[in-house]
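We use all heavy atoms of the structure for the numbers below, so side chains are in, but hydrogens, waters and symmetry mates are not. Sequence lines set the chain letters: A, B, ... in the order given, protein chains first and strands last, and positions in each chain run from 1.
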Amino acid sequence: MERNLILAFESSCDETSVAVIENGEKILSNIVATQIKSHQRFGGVVPEVASRHHIEQITDCIDLAMSEAKVNYEDLSAVAVTYGPGLVGALLIGVTAAKTVAYAHDLPLIPVNHMAGHIYAARYVKPIEFPALALLVSGGHTELVYLAGPGQFEIIGETRDDAAGEAYDKIGRVLGINYPAGPEVDRLAHLGKDTFSFPRAMDDSQSFDFSFSGLKSAFINTVHHADQIGETLKREDLAASFQQAVVDVLADKTMRALDAYPVKQLILAGGVAANHGLRERLDSELTAFSDVEFLKAPLKLCGDNAAMIGAAAYVSYQLKQFGDMSLNADPSLEFDWIAS
Amino acid sequence: MKVLALDTSNQTLSVAVMSDDQVLATTTVTTTRKHGAHLLPIIEESMQIAKLKPADLDRVVVADGPGSYTGLRIGVTTAKTLADTLNIELVGVSSLGTIAANIMAENQLVAVLFDGRNDNAFAGVYRIQNGMPVSIIEDQHIPFEKLLPQIKALAEPVVVLGDLDAFKERLKTALEANLIQYPIELSLPSAVQLGRLGQRQAPVSDVTSFVPRYLRLTKAEADWQKQHPKEDSSHYVEKV
Ligand SMILES: [Zn+2]
């Protein structure tokens, strides 16, 4: 078999990443330059600051990815890049750099949807078998995606308000935890108990949509009320109660989706997929679906990175889904909804 | 020397392919708002017309600021990636100086202004010497009312170019007969002039650290520096 090498780019938010991927399954290099420390100064990602950091990093990341993978440009089969969704100014750096490399070395260009990339992070555990269902949970997105076959992604449910990761950041702020709050809330939650019984938006309707704004408001009101009467609430219990509610909602909708859409695999992906509470809960719920295999994106590949983009791009490469030099960033790119 | 020159720092997108000072192909477009979508197709076409392959290039020249932040990043990312991936030379030239180079009259003063919002300007003043613009008042982001007396104090005829809508009347009143106006086409950047300037400038020593000259901090960064004057800002991005 011919060795297929894809040089992949990711710059949709606050990580500049370039990777070299072999046959869509082997990471030869995956350079990630994170700007988290910079944006922590401002309590969240500042788009113009993000764009400025990306341009500082981009060619250094390319050079490192190529040298670490020990490959030359003549060895490459294609160049892949995230073109959306994300911050437009941030996306533009990766898209522009990827197009330039593709032009300079006469290589095909593969546009990749960032969310497809997150799902394909699970490809590094084992091959995806279709049909599959993916629960995608990140700072900007919470959605259930149905994969009928290679390169096919259809939304069956998504958040109506905040993404799960966004809710974590907002309640984290109330607890005095700096952005991104997810890992610290997850850590605290394991030390506490669900004593507050926050509301769960799990109506009995057929919809697979999520909602976290009611939970977030209940959390904030509880803390403010305690502040007003001079009472101190246990942070660990607050975190545990919040996380339990989020996990309940995610698990409930996912199990109902599995009932409605029989699949071979459930894929858990996205930044919040690194959450231990969520991983453990889905592990135990899935014992009820003995014929569904549970594929969790590797912890190291849950955050934004170019290796996942390279894995998704390999599928597009085989399907010959190439872009041209006019490819532009599409900040609001989305999968289609499933035809019902 | 085979040179690709490109300017996307403002509304105008200009590309030139040159062999020393000979222009092989050039395209200038003023109607696109999507530099990200149009720059590479225009480069590709210009190179084809010039019968050059990317590997034939010796040097990339880019207008590196000031200008629209997004526009600058599209141009600079393209230029630095091309230089890095082909292992060729990279030169950054002032976007203001590029426009000043449209004027050929020896010893002539040329002021170039871009609108910098809230009555500020991105501006620089140049003198044409041996056919090249030489900086007299350095490129900066400055309140127009502070810039105007500096130009007036030069007490010489000065050609004023750039986006002048917001400033024209006050320039006329202050400079009187010393204000020289030229047809609007001379306010458009030309990648041919850019390429000419870029061939006479030393290439950057480190392509990787090359960034646009924004001449302005982001508001978040400026506020932060005010509150943390002693903090070193060099370690905010890390490879993990
Ligand atoms: Zn992401």
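Between the CG atom of B/Leu72 and the CZ atom of A/Arg52 there is a distance of 9.0 Å, given to the nearest 0.5 Å. A distance of 6.0 Å separates NZ in B/Lys239 from CG in A/Leu64, rounded to the nearest 0.5 Å. Between the CG atom of B/Leu39 and the OH atom of A/Tyr103 there is a distance of 10.5 Å, given to the nearest 0.5 Å. Rounding to the nearest 0.5 Å gives a distance of 11.5 Å between NE2 of B/His35 and CG of A/Leu92. Annotation: the span from A/Ile58 atom CD1 to B/Thr81 atom OG1 amounts to 6.5 Å, rounded to 0.5 Å.
Interface check for chain B: of the options A/Val88, A/Asp63, A/Ile62, A/Asn30, the most heavy-atom pairs under 4.5 Å are formed by A/Asp63. Comparing A/Lys300, A/Gln57, A/His54, A/Gln40 by how many heavy-atom pairs each has under 4.5 Å with chain B, the most go to A/Gln57. For the set B/Thr78, B/Val237, B/Asp223, B/Thr70, the entry with the most heavy-atom pairs within less than 4.5 Å of chain A is B/Val237. Between chain B and the options A/Thr16, A/Val32, A/Asn305, the largest number of non-hydrogen pairs under 4.5 Å is found for A/Val32. Of the residues considered (B/His235, B/Glu221, B/His228, B/Lys34), B/Glu221 shows the highest number of contacts with chain A, using heavy-atom pairs under 4.5 Å.
For B/Thr85, the parts sitting under 4.5 Å from any heavy atom of chain A are the backbone and the side chain alike.
Taking the charged nitrogens against the carboxylate oxygens, B/Arg73 and A/Glu48 do have a contact shorter than 4.0 Å, which makes a salt bridge.
A/Phe42 approaches B/Ala220 most closely through the heavy-atom pair CE2-O, 3.4 Å. Listed here is the closest heavy atom pair of A/Glu56 and B/Val211: CG-CG1, 3.8 Å. The two residues A/Thr96 and B/Leu40 make their nearest non-hydrogen contact at O-CD1, 4.2 Å. Smallest separation of non-hydrogen atoms from B/Thr208 and A/Thr59: CA-OG1, 3.3 Å.
At distances below 3.5 Å, at least one donor-acceptor pair connects side-chain atoms of A/Lys99 with backbone N or O atoms of B/Gly36.
Side-chain contact check for A/Thr100 versus B/Thr77: every heavy-atom pair is 4.5 Å or farther apart. The closest side-chain heavy-atom distance from B/Pro54 to A/His105 is not below 4.5 Å. Inter-residue side-chain proximity for A/Val46 and B/Thr218 is flagged as unmet; no heavy-atom pair is nearer than 4.5 Å.
Around CD of B/Glu45, the count of heavy atoms belonging to other residues, nucleotides or ligands within 6.0 Å does not exceed 12. Heavy-atom neighbours of B/Asn87 CG from other residues, nucleotides or ligands within 6.0 Å: at or below the threshold of 12.
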